[in-house]
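Fair warning: this is a prediction, and the values are worked out from it, not measured in the lab.
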Amino acid sequence: ARDIINHTSLENGLACDMALGCSTNSVLHLLAIANEAGCPLDLAIFNQFSGKVPNLCHLAPVGPTHIQDLDVAGGVQAVIKELDKKGHIHREAMTATGKTVGENIEKASVKNHEIIRPIENPYSETGGIAILWGNIAKNGAVVKRSAVSEEMLVHSGPARVFDGEDEAIQDIYDEKIRPGDVVVIRYEGPRGGPGMREMLNPTSALAGMGLDKSVALITDGRFSGASRGASIGHVSPEAAQCGEIALIQEGDIIDIDIPQAKLNLRITPEEMEQRRETCVLREPRVKTGWLARYARMVTDAAEGAVLR
C-alpha cells in the first residue's frame, strides 16, 4: 500500500469524500492513512477541497438513497468520472487494481442523475464535510455539512454539558433538552474514551425527539455515518488533555457558524485563562492493559488519532 499511496491518491480520496458527503469518520481514516504512508495531511486541506469540490450524492440519512442505490447508479467510479470532468481527479494515480484511476473510470457512467448528480448540477457547490476552528476547537472540529439543515448552519445557544455519552442520552429522553440548546458531550475523545466511541445514540435520540433541526451537539468523540443534524465532533484538543471543551460550563453561550468555519465559546480570553488554571487532568477511565497504553500514546483526532 505504501507504494501506491501518495498525495495524489490522498487528494483523490478527499475529492470523493466531498462529492459523496461521507461520514466524518473518513476524516480520521484519511489522516491516519496519510500518516502511515509517510505523507501526512494538514486538517485545513479538507476545507480547501470542500470549497472547490461539489456534493453530488445525498445518501441516507441525508437523502432517501442508500449504498446499494449508489452501486446501481454507477457506483464510486461514476462519481469519480463526474469529478474528472472539471479536473478534480488525478487520473495518473495508481490504484490497488494495478491500473491508474483514469483507466479504472474509462467505461464508467452515471445511470441515475438524481442519485449521482451531474457536476454541473450538484446538490451543493460545497463538499459534504467541513472543518471548524475557534476558541473551543483550536486544533479543529469536524461536521458533516451536507447533513445539517439550513436553519442550523448558523446557531447560538446555551451549553448543556455532559461528561460522557450515557448521561446525555438520559437527559434527552427525559425531555430536559430544549430547542436552541447546544449539547456538549466530552471525555469521549481518543484518550478520554478511550478510543472515540461513536455518538450514534445521542444523535439518534435527538432526531427521535424531533430536535435534530433545533439542537446542536458538540463532542470530542466521533459520529457514525448515520448521524445527522448539527453534530460537530473530533473537537481538539480533547477534554482529557484539558482542551478548551473541558472548560465549558453549563449555560455558556456557544456560537456555531459552519459557512464561516467557526466554533466559539462566548467568553473573554481572560475568562478562558482563568478557567484553564483550575482545570485538573482526570484520572483515566482504564488504568491497565492495552487500552491504558493506547490512551497514553494516542494523538489528537486532528492528527488521525494515531499512536506515537
Side-chain angles (χ1 to χ4, degrees), residues 7-34 41-63 65 67 70 73-91 93 101 105 110 113-134 137 140-150 152-154 216 222-235 256-263 301-302 304:
H7 277 106
T8 57
S9 56
L10 289 167
E11 287 182 0
N12 283 345
L14 278 163
C16 288
D17 191 21
M18 296 303 166
L20 289 165
C22 286
S23 167
T24 50
N25 281 323
S26 60
V27 176
L28 279 174
H29 298 329
L30 282 169
L31 290 170
I33 290 168
L41 293 174
D42 189 303
L43 195 60
I45 197 173
F46 286 84
N47 278 359
Q48 294 173 23
F49 271 72
S50 183
K52 65 182 181 181
V53 180
N55 181 216
L56 304 183
C57 301
H58 267 188
L59 303 175
V62 180
T65 54
I67 192 70
L70 174 66
V76 173
Q77 300 293 358
V79 175
I80 295 173
K81 194 158 189 175
E82 283 298 312
L83 294 175
D84 186 48
K85 289 180 180 178
K86 292 200 173 181
H88 295 315
I89 292 295
H90 296 284
R91 296 177 57 89
V101 171
I105 65 173
V110 177
H113 286 288
E114 276 305 304
I115 295 173
I116 304 173
R117 285 280 186 91
I119 198 164
E120 299 83 6
N121 181 35
Y123 281 104
S124 67
E125 293 292 342
T126 55
I129 300 290
I131 309 299
L132 312 183
W133 280 273
V142 182
V143 63
K144 186 175 179 177
R145 178 174 179 161
S146 60
V148 181
S149 61
E150 190 71 27
M152 290 299 291
L153 288 172
V154 179
R222 65 191 179 102
F223 301 107
S224 81
S227 296
R228 58 183 172 180
S231 300
I232 300 167
H234 308 193
V235 171
I256 301 166
D257 190 335
I258 294 173
Q260 295 299 315
K262 293 180 180 179
L263 176 63

Determine whether Leu70 and Cys57 satisfy the following criterion, side-chain contact (heavy atoms from CB on, under 4.5 Å), listing intermediate values before the conclusion.
CA-CA 8 Å; Leu70 174 66; Cys57 301; 4.1 Å; yes

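- With Ile232 as the partner, the side chain to side chain contact (heavy atoms under 4.5 Å, CB included) test is satisfied by one option alone out of Val142, Ile256, Thr24: Ile256.
- To the nearest 0.5 angstrom, Leu41 atom CG is 8.0 Å from Glu11 atom CD.
- His58 is linked by a ring-ring contact (aromatic ring centres under 6.0 Å, His included) to Tyr123, counting only residues two or more places apart in sequence or in another chain.
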Test side-chain contact (heavy atoms from CB on, under 4.5 Å) on Leu31 and Val27 and set out the steps.
CA-CA 6 Å; Leu31 290 170; Val27 176; 3.9 Å; yes

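- The minimum heavy-atom distance linking His88 with Pro54 is given by the pair NE2-CD, 4.2 Å.
- Between Ala141 and Ala137 the shortest heavy-atom distance is CB-CB, 4.0 Å.
- Side-chain atoms of Asn55 come within 3.5 Å of backbone atoms of Ala19 as a donor-acceptor pair (strictly under, hydrogens ignored).
- Formation of a donor-acceptor pair under 3.5 Å by the Ser50 side chain with backbone atoms of Ile129 is found in this model.
- With sequence neighbours left out, Lys85 forms a side chain to side chain donor-acceptor pair (under 3.5 Å) with Glu82.
- When the shell of 6.0 Å around CD of Glu150 is examined, it contains 12 or fewer heavy atoms from other residues, nucleotides or ligands.
- Under the rule for a side chain to side chain donor-acceptor pair (under 3.5 Å), the partners of Thr8 that lie at least two apart in sequence or sit in another chain are Asn6.
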